[in-house]
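To keep things clear, I will list the structure first and then write my remarks on it.
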Protein chains: 2
Amino acid sequence: MGVRISELSRRSGVPTATIKYYLREGLLPPGRAVAATQADYDESHLRRLRLVRALIGVRGLSVSATREVLGAVAAHAGERHQVLGLVLGARPVDEGGGRQGGDRQGGSGQAGGEGQAGGEGPGGGEGPGGGEEQAPAPGAAEVAALIGELGWAVSEHAPARAVLGETLETLRSLGAELSHDVLRQYAELAERTAVLDLDELDPRADPLEQAERALLRTVLMEPALLALRRLAQENESARRNA
Amino acid sequence: MGVRISELSRRSGVPTATIKYYLREGLLPPGRAVAATQADYDESHLRRLRLVRALIGVRGLSVSATREVLGAVAAHAGERHQVLGLVLGARPVDEGGGRQGGDRQGGSGQAGGEGQAGGEGPGGGEGPGGGEEQAPAPGAAEVAALIGELGWAVSEHAPARAVLGETLETLRSLGAELSHDVLRQYAELAERTAVLDLDELDPRADPLEQAERALLRTVLMEPALLALRRLAQENESARRNA
DNA sequence: CCACATTGGGTAGTGGCACTATCTATGTTA
DNA sequence: TAACATAGATAGTGCCACTACCCAATGTGG
């Protein structure tokens with residue numbers, strides 16, 4: 001019924017040392033300890049291992065982000081409400097500067113307290129005087145407005161809100177601000193994409209397995225969507241300058 | 001006319017040591033050397049510096065990926081054909097395994113030669129015959145078919161092709177294969193997104209500046225698009241289980 | 001029953017990366 | 001001229017994803 005770690009390694013292509021590392025990091029549940037130096041791993045471990053590899057290698061998540069995502073999925077696996085988008089911060093939620101990319105990075109905090117430049121740019125106009133230190137959230141208001149306008153029901157503290165707000169804010173500070181109207185159009189396209197995403201989630205047997213599938217379709221799909229967009233951009237660009 | 005490095009640092013919020021590092025790495029063009037220990041930096045340097053910070057900090061690109069993207073933009077800045085999507089691999093194009101995420105990562109290549117597990121999965125049925133050791137590209141055929149079907153005009157060796165193919169292949173190997181039809185629907189949404197992207201590119205004065213703006217709108221926009229999708233997913237999920 | 005490769009578990013080491021600190025020989029400026 | 005800032009070069013830091021080693025306990029074959 002169970003295989004040993006070396007078999008798991010051979011079947012997945014992942015070195016045993018790395019598997020042990022993932023075990024230690026909690027990305028993989030421990031095998032059934034049949035003895036002090038023997039543990040059994042089953043198909044679910046293999047599946048999980050491949051999933052982990054894909055999240056880390058293909059999507060580029062960090063080990064800690066992967067652990068969080070996996071944990072969140074497990075926690076919500078049983079719920080009728082498959083709020084996957086909610087948990088998939090896919091980005092270390094570190095309060096404060098909100099640094100780093102969806103994958104990893106690291107870097108010790110920003111520079112000083114000033115955080116990411118951003119404001120103070122050309123137009124300026126940002127906090128006139130009291131920047132204070134309690135900056136609530138960059139661009140949060142605009143995001144909230146958008147969500148309200150579209151009538152979306154999303155958690156007040158969904159990480160994606162912050163990511164979106166921060167990005168819009170940065171775009172603005174660099175003089176490439178998006179008009180509210182254009183932003184809404186992007187949001188509508190995102191809405192259609194989400195519909196597609198969820199259509200593909202057929203109710204399967206095992207809830208955990210289904211949750212993992214959903215994870216695949218959402219997180220792992222991200223590089224593919226970005227790639228599609230780049231291809232589409234190239235095509236559109238060619239069309240316009242035909 | 002020019003400011004010194006400390007001024008650049010103060011205006012951007014980036015420590016001088018880091019600016020020097022970027023200079024060394026070629027992310028920032030050197031200032032006009034007015035003396036052995038004095039160089040002048042102008043507005044373009046400040047703009048570039050902020051752009052770099054955004055690409056690295058918000059989008060999460062690695063320094064080397066940033067350098068490549070910037071270089072590609074500069075190279076194509078003058079061309080009538082703003083093929084930005086083409087150059088924006090946003091992913092180290094390392095032939096072979098195609099590892100790592102859009103940002104960084106690193107990791108020494110995969111494990112052994114076996115590469116990323118992948119095949120051998122459940123269904124299997126991949127390559128009709130050959131396979132051999134000269135694997136041309138995973139999922140390349142499917143991607144080519146899609147592109148042909150949509151009538152897109154994209155370069156034969158656009159990095160995005162490989163990224164897409166690899167992701168689809170991984171999805172397949174994990175048992176979450178996308179039907180060709182669904183994939184096409186995603187592609188159509190990507191097409192609309194691309195139209196929006198390009199609509200926003202107004203012809204500005206300086207070609208380099210315009211190229212940088214385009215970069216902002218394409219690369220920097222990525223986290224925002226993914227965030228929008230996650231929010232939309234949450235909303236859609238809530239709607240369905242209302 | 002026993003040599004012996006394998007395992008689980010733990011600890012230390014490696015290489016890459018994005019910075020960051022220091023140092024020196026200038027240069028500027030009060 | 002003295003205090004102070006630079007450019008440029010080199011070394012160091014902290015984090016991360018692994019990877020190598022070590023050890024005692026096993027299971028396995030002969």
Side-chain angles (χ1 to χ4, degrees), chain A residues 2-10 13-41 45 49 52-53 55-57 59-67 92 94 97 99-101 103-112 116, chain B residues 2-10 13-41 45 49 52-53 55-57 59-67 92 94 99-101 103-112:
Chain A
V3 299
R4 276 91 68 258
I5 201 175
S6 62
E7 177 69 6
L8 199 56
S9 168
R10 237 165 18 68
V14 179
T16 65
T18 303
I19 295 177
K20 286 182 177 184
Y21 169 61
Y22 289 163
L23 248 12
R24 253 176 282 137
E25 292 297 318
L27 300 190
L28 215 51
R32 266 276 169 267
V34 67
T37 68
Q38 205 88 350
D40 274 1
Y41 302 93
H45 286 95
L49 182 52
V52 165
R53 269 275 142 164
L55 292 177
I56 291 176
R59 170 52 229 274
L61 287 188
S62 69
V63 164
S64 66
T66 303
R67 176 177 40 234
D94 52 16
R99 241 311 203 73
Q100 154 58 204
D103 18 25
R104 12 131 61 209
Q105 222 263 86
S108 32
Q110 194 68 259
Q116 160 95 304
Chain B
V3 298
R4 298 178 280 322
I5 200 174
S6 62
E7 177 70 5
L8 200 56
S9 169
R10 237 163 17 67
V14 180
T16 65
T18 303
I19 296 178
K20 286 182 176 184
Y21 169 60
Y22 289 162
L23 248 11
R24 252 176 281 137
E25 292 297 318
L27 299 191
L28 215 50
R32 269 273 170 269
V34 66
T37 68
Q38 205 87 351
D40 274 1
Y41 302 93
H45 286 95
L49 182 53
V52 165
R53 268 276 143 163
L55 292 177
I56 291 176
R59 169 53 230 270
L61 287 187
S62 70
V63 165
S64 66
T66 303
R67 175 175 43 232
D94 49 19
R99 240 311 202 76
Q100 155 57 195
D103 20 24
R104 14 130 59 216
Q105 223 267 73
S108 32
Q110 196 65 258

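Every chain is numbered from 1, with letters handed out A, B, ... down the list of sequences.
- Going from atom CG of B/Leu23 over to atom C1' of C/dA18 covers 16 Å, rounded to whole Å.
- Taking atom OH on B/Tyr21 and atom P on C/dT20, their separation rounds to 10 Å, with Å as the unit.
- For A/Ser9, the side chain to side chain contact (heavy atoms under 4.5 Å, CB included) criterion is met by A/Thr16, A/Ile19, not counting sequence neighbours.
- For B/Tyr21, there are no side chain to side chain donor-acceptor pair (under 3.5 Å) partners at least two apart in sequence or on another chain.
- For C/dA18, neither phosphate oxygen OP1 nor OP2 lies less than 4.0 angstrom from any side-chain nitrogen or oxygen of B/Tyr22.
- Side-chain atoms of B/Tyr41 lie closest to D/dA7 of the nucleotides D/dA20, C/dT20, D/dA7.
- When distances run from any side-chain atom of A/Ser6 to the nucleotides C/dT7, C/dC19, D/dT19, the shortest one goes to C/dT7.
- Nearest to the side chain of A/Val63, among C/dG8, D/dA5, D/dA17, sits D/dA17.
- Side-chain proximity of B/Ser62 to D/dT19, C/dA18, D/dA9: nearest is C/dA18.
- Every residue was checked against the side chain to side chain donor-acceptor pair (under 3.5 Å) condition with A/Arg24, not counting sequence neighbours, and none meets it.
- For B/Arg32, there are no salt bridge (Lys or Arg N to Asp or Glu O under 4.0 Å) partners, not counting sequence neighbours.
- Scanning residues 28-39 of chain A for heavy-atom distances under 4.0 Å to DNA chain D yields A/Ala35, A/Ala36, A/Thr37.
- What separates CZ of A/Arg4 from C1' of C/dA5 is a distance of 12 Å, to the nearest Å.
- The side chain of A/Arg24 approaches C/dA12 more closely than any other nucleotide in the set C/dT7, C/dA12, D/dA5.
- Partners of B/Arg4 by side chain to side chain donor-acceptor pair (under 3.5 Å), not counting sequence neighbours: none found.
- To the nearest 0.5 angstrom, B/Leu23 atom CG is 4.5 Å from B/Tyr41 atom OH.
- The nearest whole Å value for the distance from the CG atom in B/Leu61 to the P atom in C/dC17 is 14 Å.
- One can place CD1 of B/Ile19 at 10 Å from P of D/dT6, the figure rounded to the nearest angstrom.
- Nucleic acid contact for A/Thr16: none, since no nucleic acid atom lies under 4.0 Å from a heavy atom of the residue.
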